[in-house]
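The residues of the chain are indexed from 1 along the displayed sequence. Only a predicted model underlies this, so the values are computations on that prediction, with no experimental measurement involved.
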Amino acid sequence: ETGTLRIRCDTDQERADLDDLLESNSPLLFQTTATDYEPDRWIAVGNHSRQRIIDQSSKPWTWDDLDWSEVGQPEGPLS
């Protein structure tokens with residue numbers, strides 16, 4: 001399965017943390033709440049884009065769109 005995940009980053013630190021996570025190139029465990037009816041899945045992130053939220057230009061908010069593909073659960077320790 002594939003898709004696009006949209007994340008709103010509200011601060012410079014959140015953006016830096018997301019960038020650090022993506023730079024690891026490690027599979028990510030995607031989990032939502034039970035009421036979202038989405039299964040837990042391991043994903044690999046491909047293309048990543050970032051846009052400012054224009055109607056909130058006085059704030060540092062951005063949308064980060066991540067293209068993902070489902071992958072198998074990794075074996076061994078993650079980096």
Side-chain angles (χ1 to χ4, degrees):
E1 191 164 347
T2 62
T4 302
L5 178 63
R6 176 167 266 194
I7 299 172
R8 189 178 100 180
C9 292
D10 291 342
T11 66
D12 292 335
Q13 186 61 56
E14 287 178 354
R15 275 185 294 285
D17 292 343
L18 179 60
D19 290 342
D20 288 345
L21 182 65
L22 296 176
E23 284 176 15
S24 75
N25 289 320
S26 293
L28 305 175
L29 178 58
F30 177 70
Q31 296 178 301
T32 64
T33 64
T35 58
D36 287 328
Y37 303 104
E38 281 289 329
D40 294 350
R41 64 184 83 204
W42 286 93
I43 62 172
V45 175
N47 292 329
H48 168 229
S49 63
R50 177 173 288 154
Q51 304 85 245
R52 293 267 316 181
I53 300 176
I54 300 300
D55 61 346
Q56 296 295 329
S57 61
S58 63
K59 297 178 175 61
W61 298 348
T62 58
W63 286 119
D64 285 78
D65 294 321
L66 313 172
D67 292 339
W68 61 267
S69 298
E70 188 168 4
V71 296
Q73 180 175 346
E75 295 181 18
L78 297 175
S79 58

message = If the condition is side chain to side chain contact (heavy atoms under 4.5 Å, CB included), which residues does Ser69 pass it with, not counting sequence neighbours?
response = Thr2

With Asp12 via side-chain hydrogen bond (donor to acceptor under 3.5 Å, both in side chains) - residues at least two apart = Arg15

From Leu18 atom CG to Asp64 atom CG, the distance as rounded to the nearest 0.5 Å = 5.0 Å

key: Value rounded to 0.5 Å, distance of CZ in Arg50 from CH2 in Trp63   = 13.5 Å

request  = Would you mind listing the cluster partners of Tyr37? Hydrophobic ones only (ILVMFWY), side-chain contacts under 4.5 Å, chaining allowed.
outcome  = none

query = How about His48 and Asp19: do any of their side-chain heavy atoms sit closer than 4.5 Å?
reply = yes

ask   = Which pairs count as salt bridge (Lys or Arg N to Asp or Glu O under 4.0 Å) when at least one residue sits in residues 33-43, sequence neighbours excluded?
value = Glu1-Arg41, Glu38-Arg41, Arg41-Glu70

task = Would you please name every residue forming a side-chain hydrogen bond (donor to acceptor under 3.5 Å, both in side chains) with Asp65, sequence neighbours left out?
result = Arg6, Gln51

task = Please list, chain by chain and in numerical order, all residues satisfying side chain to side chain contact (heavy atoms under 4.5 Å, CB included) with Leu5, sequence neighbours excluded.
result = Ile7, Phe30, Leu66, Trp68

key: Thr35: side chain to side chain contact (heavy atoms under 4.5 Å, CB included) partners, not counting sequence neighbours   = Thr33

query = Is Ile43 reachable from Leu21 through a run of I, L, V, M, F, W or Y residues, each pair having side-chain heavy atoms under 4.5 Å apart?
reply = yes

inquiry  = Looking at every non-hydrogen atom in both residues, tell me the closest pair between Trp42 and Pro27 and how far apart they are.
reply    = CZ3-O, 3.7 Å

ask   = How would you list, by chain and number, every residue that makes a salt bridge (charged side-chain N to carboxylate O under 4.0 Å, His left out) with Asp10, sequence neighbours excluded?
value = Arg8

request  = Kindly indicate, with the supporting measurements, whether the criterion side chain to side chain donor-acceptor pair (under 3.5 Å) is fulfilled by Asn47 and Ser49.
outcome  = CA-CA 7 Å; Asn47 292 329; Ser49 63; over 6 Å; no

